[in-house]
2 protein chains.
Amino acid sequence: MAVTLKDVAERAGVSRSAVSRTFTAGASVSDKMRRKVEKAARDLGYSPNALASSLTTGRTKLIGLVSDNFHNPFFLEIFDLFTRALQDRGLRPLLLNLSGETNPKNAVRMMQQYSVDGVVVASSTLPPSFAQIFGQAGIPVVHAFGRRSSEPQVHVVDIDNIECGRMAARTLMARGYTHVAFLGGPESATSTQDRYTGFVSEMAKHPQITTSYSFASDYSFDAGHREMRRLLAAGPAQAYFGGDDVISIGALAAMQEHGLRVPEDIGIIGLNDMAMARWQNINLTTIHQPIRDIVSSSVDLMTSLLTDEDRHPESRIFSCHVVERGTLRPKHTAQAF
Amino acid sequence: MAVTLKDVAERAGVSRSAVSRTFTAGASVSDKMRRKVEKAARDLGYSPNALASSLTTGRTKLIGLVSDNFHNPFFLEIFDLFTRALQDRGLRPLLLNLSGETNPKNAVRMMQQYSVDGVVVASSTLPPSFAQIFGQAGIPVVHAFGRRSSEPQVHVVDIDNIECGRMAARTLMARGYTHVAFLGGPESATSTQDRYTGFVSEMAKHPQITTSYSFASDYSFDAGHREMRRLLAAGPAQAYFGGDDVISIGALAAMQEHGLRVPEDIGIIGLNDMAMARWQNINLTTIHQPIRDIVSSSVDLMTSLLTDEDRHPESRIFSCHVVERGTLRPKHTAQAF
DNA sequence: GCAAATTATGCAACCGGTTGCAAAAAAGGA
DNA sequence: TCCTTTTTTGCAACCGGTTGCATAATTTGC
């Protein structure tokens, strides 16, 4: 069925090594030889078996793409970018969906069995320890949307979540709100924790402003909706910092159902700036994450790791900015309250 | 670095074949031997190299998952289901994102280089010829969300798009609308064509009802929004059958911006029943696609193909049903018009 | 208890490539 | 032109497994 190197060698009347060499960049082959081999290969429709070659070269060009965020539309954008970035560099993404089980040992074994060259963990909810396990198993790993650390065990590419928390706090205050609140994602996620820390630290400077805190059970519409309903029943704040866009959209829906006008009666700012935030019927004011940069930087980092085995763990942190849309009242009306 | 079969063999003091055998199901090994080998393997942390074994067995357990729908949130649900279904059966999804280029030859070569056992094309927009090319290259292929054919070249799992078109038409008529319209997806997609065919065929039975047709440029919010704005300016119908949910949501946004109340002033029915259709601020009446069944059936079919090489091409068609939500006026108010 | 039948094990070849090494061919120098 | 240097080429071993076959060890039957 499949045509092999041997077939090409026979047809071209040369040795197998000669064929192998014409297909490996930088090998020593004369032009005459190369032409002969290429013709034979073309005639037979040969293309080298990447897996067989990996056996000797030790490189499969397979990259594990592992995530557990398969319910947040934001991550479709991320998967799109990752798969394309990897493909553009001649790497192939081997997808690992961790939604069901979360036994890291298992995940590592799967990746080992397929001798992936590296793993990119794309998740804001998997714990840092998860990425580390790959590293301990000797697999190069970069954790995109992971938490940076002063003692990094693993390469991390992320936004500055603490600064985002502060930025959200400052933004709400600049709008003149006097009772604001943090409506975070799951408390177990480092992204939630850091955004919380930043938000708290900024609000601490302004004791005259009432602040409250709560958390949605996960990064999803339903969790945001549910939590906001609870808050509305209990007596809501004037404006919220939502855990992420999808939580914020859930919260927004709850506000509207409750008969509140946004941004007149109540406001919210999200985080991510996913495509959907721009949709005219959502029009969410939010903090933009530069995912193109995060992804391309992650993949660049990964390619460096492939050549430069034990590089010192590095954190690449990108900054974010507020995107003004329609869910927070404008600055100049601040005095109206 | 990596511990190999040879290492285990040496530590256990047995031959390499013995080790190989204890790790291949159904091979002949005594209990004593198995225990000895398993201990050694455990001590060393050995796990067999799937790629090396594929060289002799001819099976990689790698399945190419190819799609070009990386901008429609509906497909995140599909990728989630596919990756899990494959994983559950011991298969690994090798993702191929065709959003950029669409050269089938290239796609085939990529899959061949990694000797995937099969390919599942998960796309409602790639042409049938695309899936066929894999088949011609000798790779088992199932096209999920592809078009069924009376002369199938390739295994297909899908819904009955023609019947869905009819169902939408019947649903709109049952609501008493007298001017209805089809707001399809991209005309080049077979899914659009079939839904159109069904819609037309049903409406043809009711010449007294005014019917019009148009198409969005792709399955996206923006395309739906843009097309609906155009229609609103030109004078809209009373109710629409949207190309899919995301197009419908775009159209819905345009309607609301135009100051129309849904479903009082204008109605729309989508297709897919993606998670978002249930969101309270969207609440889209739509036709439900049984994606869990489609996916698990696709994967089942694929696993059969792996053992039973040249099976006759088969089409598995699932039926859909209408999910009543808030974007179509209820049946009993039909007389009000 | 012994021969025959059955099951376990190891040897060696193979899967589809790559690569160090030595021999052959081509190029360069005088 | 002949010798030295450089480039090409093929041989053979190897990557990490699997598997047919022959032999060794067990089990079974009587």
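A note on names: the letters A, B, ... follow the listed sequences, proteins ahead of strands, and every chain is numbered from 1.
Within the structure, salt bridge (Lys or Arg N to Asp or Glu O under 4.0 Å) pairs that include any residue of residues 6-21 of chain A comprise A:Arg11-A:Asp43 (at least two apart or interchain). The stretch residues 77-87 of chain B participates, sequence neighbours left out, in these salt bridge (Lys or Arg N to Asp or Glu O under 4.0 Å) pairs: B:Asp80-B:Arg84. Applying the ring pair (Phe, Tyr, Trp, His ring centres under 6.0 Å) test to pairs two or more places apart or on separate chains, those with a residue in residues 12-60 of chain A are A:Phe23-A:Tyr46. Sorted by first and then second residue, the pairs that involve residues 293-308 of chain B and meet side-chain hydrogen bond (donor to acceptor under 3.5 Å, both in side chains), not counting sequence neighbours, are B:Arg89-B:Asp300, B:Ser297-B:Arg316.
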What N/O pairs connect the protein and nucleotides 5-9 of chain C at under 3.5 Å? Give each pair on its own line.
{"unit_1": "C:dA8", "atom_1": "OP2", "unit_2": "B:Ser28", "atom_2": "OG", "d": "2.9"}
{"unit_1": "C:dA8", "atom_1": "O3'", "unit_2": "B:Ser30", "atom_2": "OG", "d": "3.4"}
{"unit_1": "C:dT9", "atom_1": "OP1", "unit_2": "B:Ser30", "atom_2": "OG", "d": "2.8"}
{"unit_1": "C:dT9", "atom_1": "OP2", "unit_2": "B:Ser30", "atom_2": "N", "d": "3.0"}
{"unit_1": "C:dT9", "atom_1": "OP2", "unit_2": "B:Ser30", "atom_2": "OG", "d": "3.4"}

Heteroatom pairs (N/O) under 3.5 angstrom, protein to nucleotides 13-17 of chain C:
{"unit_1": "C:dG16", "atom_1": "N2", "unit_2": "A:Ala52", "atom_2": "O", "d": "3.3"}
{"unit_1": "C:dG17", "atom_1": "OP1", "unit_2": "A:Asn49", "atom_2": "N", "d": "3.2"}
{"unit_1": "C:dG17", "atom_1": "OP2", "unit_2": "A:Leu5", "atom_2": "N", "d": "2.7"}
{"unit_1": "C:dG17", "atom_1": "O5'", "unit_2": "A:Tyr46", "atom_2": "OH", "d": "3.2"}
{"unit_1": "C:dG17", "atom_1": "O5'", "unit_2": "A:Asn49", "atom_2": "N", "d": "3.4"}
{"unit_1": "C:dG17", "atom_1": "N7", "unit_2": "A:Arg16", "atom_2": "NH2", "d": "2.6"}
{"unit_1": "C:dG17", "atom_1": "O6", "unit_2": "A:Arg16", "atom_2": "NH2", "d": "3.1"}

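A search for side-chain hydrogen bond (donor to acceptor under 3.5 Å, both in side chains) contacts involving A:Arg109 returns A:Asn106, not counting sequence neighbours. Among residues two or more places apart in sequence or in another chain, the salt bridge (Lys or Arg N to Asp or Glu O under 4.0 Å) test is passed with A:Arg59 by none.
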Atom pairs and distances, side-chain donor-acceptor, residues 124-139 of chain A, under 3.5 Å, sequence neighbours left out:
{"unit_1": "A:Thr125", "atom_1": "OG1", "unit_2": "A:Asp68", "atom_2": "OD1", "d": "3.0"}
{"unit_1": "A:Thr125", "atom_1": "OG1", "unit_2": "A:Asp68", "atom_2": "OD2", "d": "3.0"}
{"unit_1": "A:Thr125", "atom_1": "OG1", "unit_2": "A:Asn69", "atom_2": "OD1", "d": "3.4"}
{"unit_1": "A:Thr125", "atom_1": "OG1", "unit_2": "A:Ser123", "atom_2": "OG", "d": "3.2"}

